[in-house]
Asks: 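Once you've had a glance at the structure underneath, I'll fire off some questions.
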Amino acid sequence: MNSMHRSLFVVTAVAGLLSGMHCAAQTTIHLDVTSPGKVFEGLGAVSAGASSRLLIDYPEPQRSEILDFLFKPKFGASLQHLKVEIGSDVNSTDGSEPSHMRSADDHDYSRGYEWWLMKEARKRNPAIVLDTLAWGAPGWVGHGKFFSKDMAEYVADFLEGARKQGLNIEYTGAWNERRPDYEWVTLLRTVLDQHGLKTKIVCCDMTPNSGMYTVLDKVNADPVLDKAVDVIGVHYPAEVPGIAPAAIQDTQRRVWSSEDQPNPGSGPFIARDWAHGGRILARRYNENYIKGRFTKTEIWSPITSYYDLLAAPNSGLMYANTPWSGNYDVQSTIWVTAHTTQFADPGWKYMDTATGYLPDDSGTYVAMHAPLAGNKPADWSVVLETTSANRMQHVTLQVGRGLSNETSFVWQTNATKTFEQVAAIPVKDGRLTYDFEPGSIYTITTTTGQTRGTSRPPAAAAFPFPYSDDFEAVEIGRSAKYLSDQDGAFEAAACDGRTGDCLQQKITEKPTPWSPRPDPFTIAGDIKWSDYKIGIDVMLPKDGVATVLGRIDSADVFQDHNAMYPSAYVLKMEANGMWSLLSTRFKNAPTALAQGHVDIGQGWHRIELQFQGASITALFDGKQLAVVQDTAHSSGMGGFGSDWSRVQFDNLRISK
């Protein structure tokens, strides 16, 4: 390039830069420690609805790596709050979580995986806030009435069980997304006090269509309730158009978005990539404070660790539902969360003068500062997103007295950048300026120590095939690996009538449901399986029912709340010898493809289904019951189930 060409290039570049700055939207944000603003209480996640079921089956070191990305400070999402389900053996979205009290005198604080998850979270972050909420109740509780003294005692017992394991649970709630009984809420406070529990109450986890903001009127009108309730928790506030009511924004009471999700408000949950997950969550976190002055947001769920054919797939901040492979996906939503949690701790204070919208609704920003300590200038962080912008945003930060004037650092995430520090800008005369690209989330901060955790998980792999399990390696009273119980509880027990161990469906009294209530069944496998044979040994109690299921192509219980089975082929065997081969599909009555009677007698028997193209064969003790032609279900996972009786199962085998 000769000198004339070099001069022309420089002039053109400068002109282009000036032109770009001229077109950029101009904004000045005033950071002021005297500004009004609420105290930031953190970002968290809700492990519930069996959303974490498969995580515990992951091998090491992948399991620990996943937990680090969720909970380790300054590494990944750095979650500051964890809420877990108080299980009740009832389907609560993607399966049933085990109960710690299956009778009034049963106290088992090791069933399931939530105890383990809380311990792992606290091991990584001793300051993490723990929280609990019930989705259902065992049948003995209140004789089927959820809002009962029994249920208050049930919640208290869970909290005491946690305390015995060194876990202090700071918060608990009423009944997930159900209209509350406010007298029961005050009863819960009384019962907790009687047990010496200082656990605070969040009320009442309702959705927009159940009057989520009415609780504020209730507590304002009732001094006893007012004393019992510490936090107002609402679900999915973004589904209500516009800003939250002024009474909610202005109240001095703490208000949380106690369950949220980066979904666009309609359609399926698809939080797997920046466009459908990270971008939406970036705005959601900011707007929850801007619109509602919510000081905490909790995402359902921390991790997608359940099979994709279940309800609300891809809800998690991370994706890890193939424990046999060790594969996992650190999604953009992890890093969007980190843009707040790695730069601000609970106890920091929002600055309302530095909270709002960029011009033309092209983005949002919130600012927080660290607690003031004498005359020492406080650190500060601004989380700014430009996800709806179509041009550069030229922003000046005016840093007021009492705030640090140290060099500020700019971190960015978008479709091509992942939690990168992209600039270090000196603060001059209390000001700094930066041009923010469209389609991104940024944090501008005076803090240091942030990192983007890295790892190399193994490649994803299909579910192992052929597959078998004789359940001899399963600890008594625990679930078998990879099996996902969808109602009831299938746990290892000593076999009746033969040596060794098997699985037994433990729940004989129907729980009080949250919403859907299929009959008990458990599933595993690959939705792509087509031609295969699935069989299992069964021991039926008097009047019991056992089922074997194949080609399960959907187990989304929200599609039909009245469905007893998933969408699949089902061979149903009753203790009286009656059998039926069913094709089940949501919103339709089961279709009986064949039925009959066999002399079943006593002892163990084997039931099997075999698929070859459109041909479905049902077998009992190796003998053919029926061969039918049907094309309703061309592929899907396998499973087995029962009615609400103690059916035993052994020697699961899935093969060609």
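All figures in this text were calculated on a predicted structure; none of them were measured in a lab.
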Asks: Report the relative orientation of the aromatic rings in Phe69 and Tyr328; use parallel for angles under 30°, tilted for 30 to 60°, perpendicular for over 60°.
Replies: tilted

Asks: Would you say that Ile128 contacts Gln80 through its side chain, given a criterion of any heavy-atom pair below 4.5 Å between the two side chains?
Replies: no

Asks: Donor-acceptor pair, Ser35 side chain versus Thr353 backbone, under 3.5 Å?
Replies: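 Yes; judged by distance alone, with no hydrogens or angles, the pair exists.
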
Asks: Hey, is the main chain of Ile290 close enough, under 3.5 Å, to the side chain of Arg293 for a donor-acceptor pair?
Replies: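 Yes; judged by distance alone, with no hydrogens or angles, the pair exists.
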
Asks: Looking only at non-hydrogen atoms, find the nearest pair between Asp68 and Phe75 and report the distance.
Replies: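 Nearest heavy atoms, Asp68 then Phe75: O-CD2, 3.5 Å.
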
Asks: Decide side chain to side chain donor-acceptor pair (under 3.5 Å) for Gln249 and Thr251; before the verdict, give the C-alpha distance in whole Å, the side-chain angles of both, and the deciding distance to 0.1 Å.
Replies: CA-CA 6 Å; Gln249 287 203 58; Thr251 183; over 6 Å; no

Asks: Look at the side chain of Thr341 and the backbone N and O of Leu79, then say whether any donor-acceptor pair between them is shorter than 3.5 Å.
Replies: no

Asks: So Val39 and Thr295, do their side chains get closer than 4.5 Å, heavy atoms only?
Replies: no

Asks: With a 4.5 Å limit on heavy-atom distance, are the side chains of Ser88 and Trp135 in contact?
Replies: no

Asks: Is the closest basic N to carboxylate O distance between Asp260 and Lys296 below 4.0 Å?
Replies: no

Asks: Atom CG of Asn125 and atom CZ of Phe71: how far apart are they, to the nearest 0.5 Å?
Replies: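 One finds 9.5 Å between CG of Asn125 and CZ of Phe71.
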
Asks: Can the ring centres of Phe343 and Trp380 be said to be less than 6.0 Å apart?
Replies: no

Asks: Kindly write out the residues that satisfy side chain to side chain donor-acceptor pair (under 3.5 Å) with Asp345, not counting sequence neighbours, or none if the list is empty.
Replies: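 If we apply the side chain to side chain donor-acceptor pair (under 3.5 Å) test to Asp345, skipping adjacent residues, there are no hits.
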
Asks: Any chance you could lay out the side chain to side chain donor-acceptor pair (under 3.5 Å) test for Asp553 and Ser567, step after step, and finish with the verdict?
Replies: CA-CA 6 Å; Asp553 49 32; Ser567 177; 2.7 Å; yes

Asks: Rounded at 0.5 Å granularity, tell me how far OG1 in Thr387 sits from CD1 in Ile441.
Replies: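 One gets 8.5 Å once the value is rounded to the nearest 0.5 Å.
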
Asks: Please check: side-chain N/O of Trp348 versus main-chain N/O of Pro371, any donor-acceptor pairing under 3.5 Å?
Replies: no

Asks: Taking all atoms of both residues into account, what is the closest heavy-atom pair of Gln26 and His394, and its distance?
Replies: OE1-CD2, 2.9 Å

Asks: Can you give me the closest heavy-atom contact between Ser301 and Ser315, atom names plus distance?
Replies: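 Heavy-atom minimum between the residues: OG-OG, 2.8 Å.
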
Asks: Is there a side-chain contact between Asp360 and Leu358 in this structure, where contact means two heavy atoms from C-beta onward sitting under 4.5 Å apart?
Replies: no

Asks: Strictly by modelled atom types, are Thr337 and Tyr285 linked by a side-chain donor-acceptor pair under 3.5 Å?
Replies: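 Distance-only check passes for Thr337 and Tyr285.
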
Asks: So, Tyr236 versus Glu259: side-chain donor-acceptor pair below 3.5 Å or not?
Replies: yes

Asks: Give a yes or no on whether the backbone of Leu55 and the side-chain of Ser305 come within a donor-acceptor separation of less than 3.5 Å.
Replies: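 Yes, Ser305 side chain to Leu55 backbone: donor-acceptor pair under 3.5 Å.
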
Asks: List for me each residue that meets side chain to side chain contact (heavy atoms under 4.5 Å, CB included) alongside Thr207, sequence neighbours excluded, and say none if there are none.
Replies: Glu177, Asn209, Ser210, His235

Asks: Taking the side chain as every heavy atom from C-beta outward, state whether Tyr434 and Val422 have any pair of such atoms under 4.5 Å apart.
Replies: yes

Asks: When you compare the side chain of Pro323 with that of Ile56, does any pair of heavy atoms fall below 4.5 Å?
Replies: no

Asks: If only side-chain N and O atoms count, and only distance matters, is there a donor-acceptor pair under 3.5 Å linking Thr199 with Thr172?
Replies: no

Asks: So do the side chains of Thr364 and Val383 get within less than 4.5 Å of each other, counting heavy atoms only?
Replies: no

Asks: Show your reasoning for whether ring pair (Phe, Tyr, Trp, His ring centres under 6.0 Å) applies to Trp514 and Phe146.
Replies: CA-CA 10 Å; Trp514 174 55; Phe146 185 97; over 10 Å; no

Asks: Do the side-chain N and O atoms of Tyr357 and Glu287 include a donor-acceptor pair separated by under 3.5 angstrom?
Replies: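 Judged by distance alone, the side chains do pair up.
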
Asks: Can you name the nearest heavy-atom pair linking Ser515 to Arg178, along with the distance?
Replies: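 In terms of heavy atoms, the two residues are closest at CB-NH2, 3.3 Å.
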
Asks: Would you confirm whether Thr445, through its side chain, and Ser381, through its main-chain N or O, come within 3.5 Å as a donor-acceptor pair?
Replies: no

Asks: How about Glu170 and Asn168: do any of their side-chain heavy atoms sit closer than 4.5 Å?
Replies: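 Glu170 vs Asn168: side chains touch.
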
Asks: When rounded to the nearest 0.5 angstrom, what is the spacing between CG in Leu281 and CG in Leu317?
Replies: 7.0 Å

Asks: For the backbone of Phe419 and the side chain of Thr413, can you confirm whether one donor and one acceptor N or O come within less than 3.5 Å of each other?
Replies: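 Such a contact is found between Thr413 side chain and Phe419 backbone.
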
Asks: Can you list the residues that meet the side chain to side chain contact (heavy atoms under 4.5 Å, CB included) rule with Ala389, with sequence neighbours excluded?
Replies: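 Partners of Ala389 by the side chain to side chain contact (heavy atoms under 4.5 Å, CB included) criterion, ordered by chain and then number, come out as Ser362, Thr386, Gln393, Pro438.
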
Asks: Can you name the residues that form a side chain to side chain donor-acceptor pair (under 3.5 Å) with Thr584, not counting sequence neighbours?
Replies: none

Asks: A quick test of your reading: do over 12 heavy atoms of other residues, nucleotides or ligands sit less than 6.0 Å from CD of Glu420?
Replies: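 Atom CD in Glu420 is packed in, count exceeds 12.
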
Asks: Applying salt bridge (Lys or Arg N to Asp or Glu O under 4.0 Å), name anything that partners Asp32, two or more places apart in sequence or on another chain.
Replies: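 Listed in chain order: nothing, the list is empty.
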
Asks: Under the side chain to side chain donor-acceptor pair (under 3.5 Å) test, which residues partner Asp352, sequence neighbours left out?
Replies: Tyr289

Asks: Would a distance-only check, ignoring hydrogens and angles, find a side-chain to backbone donor-acceptor pair under 3.5 Å from Asp487 to Asn91?
Replies: yes

Asks: Rounded at 0.5 Å granularity, tell me how far CG in Leu225 sits from CD1 in Ile201.
Replies: 9.0 Å

Asks: If every non-hydrogen atom of Gly316 is compared with every non-hydrogen atom of Thr333, which pair is closest and at what distance?
Replies: O-OG1, 4.1 Å

Asks: Only pairs at least two apart or in different chains count here, so list each salt bridge (charged side-chain N to carboxylate O under 4.0 Å, His left out) that has a residue in residues 38-54.
Replies: Glu41-Arg254, Arg53-Asp57

Asks: Of all residues at least two apart in sequence or in a different chain, which pass the side chain to side chain donor-acceptor pair (under 3.5 Å) check with Tyr154?
Replies: Ser99

Asks: Looking only at non-hydrogen atoms, find the nearest pair between Pro346 and Gly42 and report the distance.
Replies: CG-CA, 4.1 Å

Asks: Quick check: His339 with Tyr442 (ring centres under 6.0 Å apart)?
Replies: no

Asks: Can you name the side chain to side chain contact (heavy atoms under 4.5 Å, CB included) partners of Thr322, sequence neighbours left out?
Replies: Tyr58, Trp324, Ser325, Asn327

Asks: May I have all residue pairs that pass side chain to side chain donor-acceptor pair (under 3.5 Å) and include part of residues 211-231, sequence neighbours excluded?
Replies: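 Counting only pairs at least two positions apart or across chains, the side chain to side chain donor-acceptor pair (under 3.5 Å) contacts touching residues 211-231 are Asp226-Arg253.
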
Asks: According to side chain to side chain contact (heavy atoms under 4.5 Å, CB included), who are the partners of Asn414, at least two apart in sequence or on a separate chain?
Replies: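 Residues passing side chain to side chain contact (heavy atoms under 4.5 Å, CB included) with Asn414: Trp274, Gln412, Thr416, Lys417, Glu437, Ser440.
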
Asks: Mark yes or no for whether Arg284, through its side chain, and Ile280, through its backbone, hold a donor-acceptor pair below 3.5 Å.
Replies: no

Asks: Is a donor on one side and an acceptor on the other found under 3.5 Å between the side chain of Ser148 and the backbone of Met151?
Replies: yes

Asks: Got a sec, which pairs hit salt bridge (charged side-chain N to carboxylate O under 4.0 Å, His left out) with one end in residues 83-100, sequence neighbours left out?
Replies: Lys83-Asp205, Lys83-Glu298, Asp89-Arg102

Asks: In Å and rounded to the nearest 0.5 Å, what is the CG to CG distance from Asp131 to Leu133?
Replies: 7.5 Å

Asks: Can you tell me how far apart CH2 (Trp300) and OG (Ser51) are? Round to the nearest 0.5 Å.
Replies: 6.0 Å

